[in-house]
Amino acid sequence: MGTDQYQPLQGMSDLAAPDIDIWQALESKSRKLLDGYTVQEVRTPVLERTSVFTRSIGDTTDIVQKEMYTFEDRGGRSITLRPEGTAGVMRHVAGQGPEGSESRLYYMGPMFRAERPQAGRKRQFHQLGVEFLGCPSPAADAECIALQQHLAAEWGLENCRVRINTRGMPEDRTIVSRGLRDRLLSSVSDLCEDCRRRLETNPLRVLDCKHESCRGVVDGLPPITDLMSSEARDYYQDVLHILGRLDVEVEQTPKLVRGLDYYVHTVWEICHPALGAQDSISGGGRYLIPVGGREIEGVGFAVGLERVIAALKEQGKVEDLVEKHRGIWLISSGKAAFDENMVLMQTLRLRGMRCGMDLRNRSMKAQMRLANRQSASHVIIRGDHEMDNGTFILKDMSTGDQEELDMPALMERLHVVPLIDVGGR
RNA sequence: GUGGGUGUAGCUCAGCUGGUUAGAGCGCCAGGUUGUGGCCCUGGAGGCCGCGGGUUCAAGUCCCGUCACUCACCCCA
């Protein structure tokens, strides 16, 4: 500790033991579940041309205006570290032609935003995101939300709340914005400075402003669904109806609008009570994103994995998620036993067993302590006596029982010890 | 980008209004058991007191700067 040279950059951190077990458990549980929903993984580059993000996220958003890590590469091209996952996926599927715009994809990995770090917000953070492309049906919106909630449950998160709203049809966007502006104009003097600006750039954002006075104005407004076409309201009702049949509980939240420009129709977020000011673990919606001269339609969401882990820790759910390691620990007394144990260890590993031994020349007591710390289920002890007789002592660490066995008997016995699970937990 | 709090051992922290060899718990290592873990007992190692500058006879302690962590605003996952 102490010197800065060993610290990562501000807002970035090393993911290592013991927390890395949580990450791996989350990842493997998620992959398995996603596969069950017939969603395929896509891994796009972390670095993209800057235009990939400015085009799809929207020039007026804070992400584009002040939070992107943008550099020039050696050829003088402007490139950006991805601040979110959707834009890269859109670039990917656009390159695939019509077939790509029917995909069901997920991504998992680091995102970068140059913000001031605080609880639940890092400069490098990790998202799991899902995109259902094409399929302009309320069923897709509902399936998406159901999947998202299933994930949360699979991870062991309790007391999640889903807030949902609609932003209306694509054609409704200007009508809603204009209608909203007209209604807000009458009480413009009560709005904060930011919201007066938003009135021109993006009136929807006024709805989720946290200023006391703005909320007063907003609370008096009728829901924005009133401004929308009947198709938009029908679509929303369909989504709610299907969610009901799928047994997914949601809270209708007329003031929820979400910050990204590309959203249309359904928008939602999931928040968790154990978190601080950033209590939203996940957000999503239906979108229409311009890519290379056309628009790709889809519905999707992104989950902030750091926030999920924070919530799980807060709930004391981490132990349930992470399995203890177990396996076999080899203990030797004397050089001959040590040499032979190296060979035995390799043999066991080739058979798929998790095992290890102390490579320093330490006392048996120290080796036993290590075995205990490794949560070994069994220990194999060899010393001069065993070397002379060609035997092994097998000790069960939970009961303390031990017996002297020859090689065939030892191998027989070890079948009960769990093998390495190559497919993850 | 703005504001508050914090930086002392691997970890969590104590250190009163500046005063002599900077402490505790946990962890680690070793011994108690000359071939046996968890519990217990004993001992040991481990500190540019974040970094730089200033005030002072004297700074972990006060002042300034800086870096980082943390919390909040803005916004988002």
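All figures in this text were calculated on a predicted structure; none of them were measured in a lab. Each chain gets a letter, A, B and so on, in the order its sequence line appears, and its residues count up from 1.
To the nearest 0.5 Å, atoms CD (A:Glu319) and CG (A:Leu312) are separated by 12.0 Å. To the nearest 0.5 Å, atoms CD (A:Glu269) and OG1 (A:Thr253) are separated by 8.0 Å.
Comparing the C1' positions of B:G7 and B:G44 gives a spacing of 29 Å, expressed to the nearest Å. Rounded to whole Å, the separation between the C1' atoms of B:A9 and B:C49 comes to 10 Å. The same atom, C1', is picked in B:A24 and in B:U8; the two are 13 Å apart, to the nearest Å. Comparing B:A22 with B:G31, their C1' atoms sit 28 Å apart, to the nearest whole Å. The separation of B:A72 from B:U66, taken at their C1' atoms, amounts to 23 Å, rounded to a whole angstrom. Look at the C1' atom in both B:U12 and B:U56: the space between them is 34 Å, to the nearest Å. Taking the C1' atom of each, B:G52 and B:C57 are spaced 23 Å apart, rounded to whole Å.
Salt-bridge check for A:Lys122 with A:Glu306: failed, with every basic side-chain N at 4.0 Å or more from each acidic carboxylate O. For the pair A:Lys313 and A:Asp19, the salt-bridge criterion is met [side-chain N within less than 4.0 Å of a carboxylate O].
Within a 6.0 Å radius of CZ in A:Arg49, no more than 12 heavy atoms belonging to other residues, nucleotides or ligands are found. Heavy atoms from other residues, nucleotides or ligands lying under 6.0 Å from CZ of A:Arg205 number more than 12.
The aromatic rings of A:His265 and A:Tyr235 sit parallel to each other, their planes meeting at less than 30°, with 60° as the upper class boundary.
Residue A:Ser333 is classed as having no contact, given no heavy-atom separation below 4.0 Å to the nucleic acid. Within 4.0 Å of A:Glu386, counting heavy atoms only, lies at least one base atom of the nucleic acid. Residue contacts shown for A:Glu269 are absent, as no nucleic acid heavy atom lies under 4.0 Å away. Using a 4.0 Å heavy-atom criterion, one finds that A:Ile381 contacts the bases of the nucleic acid, with or without backbone contacts as well. If you check every strand for non-hydrogen atoms under 4.0 Å, A:Ala371 touches nothing. Using a 4.0 Å heavy-atom criterion, one finds that A:Leu370 contacts no nucleic acid atom at all.
Counting atom types as modelled, A:Gln402 pairs a side-chain N or O with a base atom of B:U36 as donor and acceptor under 3.5 Å.
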Please list, pair by pair, any protein nitrogen or oxygen found under 3.5 Å from a nitrogen or oxygen in nucleotides 70-73 of chain B.
residue : atom : partner  : partner atom : Å
B:C71   : OP2  : A:Ala119 : N            : 2.9
B:A72   : OP1  : A:Ala277 : N            : 3.1
B:A72   : OP2  : A:Gln118 : NE2          : 3.4

What protein N or O atoms touch nucleotides 25-28 of chain B N or O atoms at under 3.5 angstrom, if any, and at what distances?
residue : atom : partner  : partner atom : Å
B:C28   : OP1  : A:Arg373 : NE           : 3.0

All N/O contacts under 3.5 Å from nucleotides 38-42 of chain B to the protein, with atom names and distances to one decimal?
residue : atom : partner  : partner atom : Å
B:G38   : O4'  : A:Asn372 : ND2          : 3.1

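Counting only N and O atoms by type, the side chains of A:Glu131 and A:Tyr287 include a donor and acceptor under 3.5 Å apart. With 3.5 Å as the limit, one finds no donor-acceptor pair spanning the side chains of A:His272 and A:Glu314.
Residues that satisfy the side-chain hydrogen bond (donor to acceptor under 3.5 Å, both in side chains) test with A:Asp247, not counting sequence neighbours, are absent from this structure. Taking A:Glu102 as the reference, nothing meets the side-chain hydrogen bond (donor to acceptor under 3.5 Å, both in side chains) condition, with sequence neighbours excluded. Listed by chain and number, the residues in a side-chain hydrogen bond (donor to acceptor under 3.5 Å, both in side chains) with A:Trp268 are A:Gln148 (sequence neighbours excluded). Annotation: salt bridge (Lys or Arg N to Asp or Glu O under 4.0 Å) contacts of A:Glu404 (sequence neighbours excluded): none. Applying the salt bridge (Lys or Arg N to Asp or Glu O under 4.0 Å) criterion to A:Glu41, with sequence neighbours excluded, gives A:Arg31, A:Arg43. With sequence neighbours excluded, the residues forming a side-chain hydrogen bond (donor to acceptor under 3.5 Å, both in side chains) with A:Thr70 are A:Thr80, listed by chain and number.
Looking at which nucleotide of RNA chain B each of A:Ser363 and A:Leu9 is closest to, the 5′-most match is held by A:Ser363.
Pairs engaging residues 117-137 of chain A under the ring pair (Phe, Tyr, Trp, His ring centres under 6.0 Å) rule: A:Trp23-A:His126 [sequence neighbours left out].
Listed candidates were B:A30, B:U36, B:A77. Nearest to the side chain of A:Ser280 is B:A77. Residue A:His385 has its side chain nearest to B:G35 when only B:G35, B:G31, B:G37 are considered.
With a 3.5 Å limit on both pairing distances and Watson-Crick or G-U wobble geometry required, the stems of 3 or more pairs in RNA chain B span B:1-7 with B:67-73, B:10-13 with B:23-26, B:28-32 with B:40-44, B:50-54 with B:62-66.
For the contact set between residues 39-51 of chain A and RNA chain B, defined by any heavy atom under 4.0 Å, there are no members.
When side chains are defined from C-beta on, A:Leu47 counts as touching A:Leu81, because their heavy atoms get closer than 4.5 Å.
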